[in-house]
Amino acid sequence: MKTYKCKGCYKRCEARIDLPDGQVPEVCLLGGDASWQKIEESDRSDTAELPEKEPLPKLTVESLAERGIEWPEKARYAAVNGGGELCASSMARFYENKPGHTAVAWFDPVKQWQAWPIPGKWDASDWTNSLIERPAVVKAKLPEWCRVGVHVDGYCKEMRIEKISDEGVLLVEVGIDHHNCMPATFESLKNNFKPVYKKSVPEETPEKELPEWCQVGAWCRNLDIGWYGVIRQIDDERLAVTIPDHLIDGEARYDWWNVAKVIPARVRPWMFEEAPPFVKTMENSDYQACCWYLNGSHGEKVSYWCRVDNIITTDEMAQKFTQLNGLPCGVLEVVE
């Protein structure tokens, strides 16, 4: 019986193996780069006198917390890669999706090359059963007034609760046209902010009348920044609008505008020279989602057609259809 040792695997381990006389190891047992060397009889004595090593910790939620190791924001699972007694420093990693494993290692089935290394050495003797799941985040007890849409006062600013998640809340400053967002933990919300209760309006105070054109679904333009938007909600003197030509994460931007700073706008039908040759439109009450092709100009009318032999004018497209990216089927312009 001959003993061999390996200093390969990018120097992460020193595997040892006993093989019958006449047999020589060919590859690393852990799948890395092998560098096997035969141990002579004179080399065996030093291994016998080595002190016993302390057992490596098992990967658990508690052991991660004891070592002060935090989970990455997107991580949901963690596991130790293979190696067993052959590997002196078994690698552990965090994963976003529930991983599967090969003969020696775990991998994310969705994002195969995405993983976050976990510092330290971990027990890999039972690595195929080392998978753990991130514990659910326990929300702090929230005050009764903590709801989406509630206005709060803190740091000399009036802000609105825009979103509540497991990690905390997202606050948006009130009274400005642009978003000024600020994340806050539940503890910070309770300690540094107080709800703002609107004072009742005296009966003798007349309400300001909005312009006749200012209705939900109408187009408008912000005079300060020059953007066009669709009115989705009206709150006193503020308008909640979506801005299709300014996308955030693939969706139309959402913002609040002051009524005094907007003017009415409209969608003008395309002229032949400015009409795109191909348009994708959303589904509405009369049509399914369609792909339209520019048909041509007949007098003052410009028309489109689709494969089901529907032909419509650009006037109809401007009134009935919206493109898949949220933009109108026409030219946005100010109403004079």
Side-chain angles (χ1 to χ4, degrees), residues 5-17 25-36 53-140 148 162-170 181-187 247-254 324-325:
K5 65 179 180 180
C6 174
K7 293 186 178 180
C9 297
Y10 309 103
K11 298 182 180 180
R12 287 186 296 157
C13 69
E14 286 195 13
R16 295 174 181 268
I17 187 171
E26 297 179 355
V27 296
C28 176
L29 299 181
L30 303 180
D33 295 332
S35 178
W36 293 100
K53 295 182 180 179
E54 293 185 6
L56 295 175
K58 289 189 176 294
L59 181 67
T60 63
V61 174
E62 293 75 16
S63 60
L64 288 173
E66 290 173 0
R67 292 190 174 192
I69 299 174
E70 297 183 355
W71 291 72
E73 181 180 354
K74 294 184 178 181
R76 291 295 177 266
Y77 298 90
V80 183
N81 282 331
E85 297 178 354
L86 296 178
C87 191
S89 57
S90 299
M91 295 288 290
R93 297 181 182 275
F94 291 113
Y95 302 91
E96 181 176 353
N97 303 286
K98 188 172 183 178
H101 65 79
T102 63
V104 293
W106 295 87
F107 66 94
D108 188 323
V110 180
K111 301 178 179 179
Q112 296 186 10
W113 304 111
Q114 178 170 314
W116 297 269
I118 302 176
K121 300 178 181 180
W122 302 89
D123 181 8
S125 58
D126 190 23
W127 69 274
T128 55
N129 295 314
S130 65
L131 181 64
I132 61 174
E133 186 173 359
R134 184 176 189 170
V137 178
V138 180
K139 290 185 179 180
V148 172
E162 187 76 9
K163 181 181 178 181
I164 300 176
S165 65
D166 290 339
E167 288 75 25
V169 298
L170 181 65
C181 300
M182 171 183 170
T185 63
F186 299 123
E187 195 67 26
L247 305 180
I248 298 179
D249 295 332
E251 297 183 357
R253 177 174 179 151
Y254 188 86
L324 289 184
N325 59 7

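Scope of the values below: all heavy atoms of this structure, side chains included, with no hydrogens, waters or symmetry mates.
Side-chain contact between Lys74 and Trp116: present, with at least one pair of heavy atoms (C-beta onward) separated by less than 4.5 Å. You'll find the side chain of Val110 stays beyond 4.5 Å of the side chain of Glu96, heavy atoms only. No side-chain heavy atom of Asp123 sits less than 4.5 Å from a side-chain heavy atom of Val80.
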Compile the donor-acceptor pairs under 3.5 Å between side chains in residues 63-72 and protein atoms, sequence neighbours left out, one pair per line.
residue: Ser63; atom: OG; partner: Lys58; partner atom: O; Å: 3.1
residue: Ser63; atom: OG; partner: Thr60; partner atom: N; Å: 2.8
residue: Ser63; atom: OG; partner: Thr60; partner atom: O; Å: 2.9
residue: Ser63; atom: OG; partner: Thr60; partner atom: OG1; Å: 3.0

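In terms of heavy-atom proximity, Trp127 sits nearest to Ala105 at CH2-N, 3.6 Å. Here the closest non-hydrogen pair linking Ala78 and Phe94 is CB-CD2, 3.7 Å. Nearest heavy atoms, Arg134 versus Ala75: NH1-O, 3.0 Å. Heavy-atom minimum distance, Pro109 versus Pro99: CD-CA, 3.8 Å. Smallest separation of non-hydrogen atoms from Lys121 and Leu56: CB-CD2, 3.8 Å.
In this structure, the side chain of Asn97 does not engage the main chain of Asp108 through any donor-acceptor pair within 3.5 Å. Using a distance-only test at 3.5 Å, with no hydrogens or angles considered, a donor-acceptor pair links the side chain of Asn81 to the main chain of Trp106.
To the nearest 0.5 Å, atoms CG (Leu59) and OG (Ser130) are separated by 6.0 Å.
Listed by chain and residue number, nothing satisfies the side-chain hydrogen bond (donor to acceptor under 3.5 Å, both in side chains) test with Thr128 (two or more places apart in sequence, or in another chain). For Lys98, the side chain to side chain contact (heavy atoms under 4.5 Å, CB included) test picks out Tyr77, Leu131, with sequence neighbours left out.
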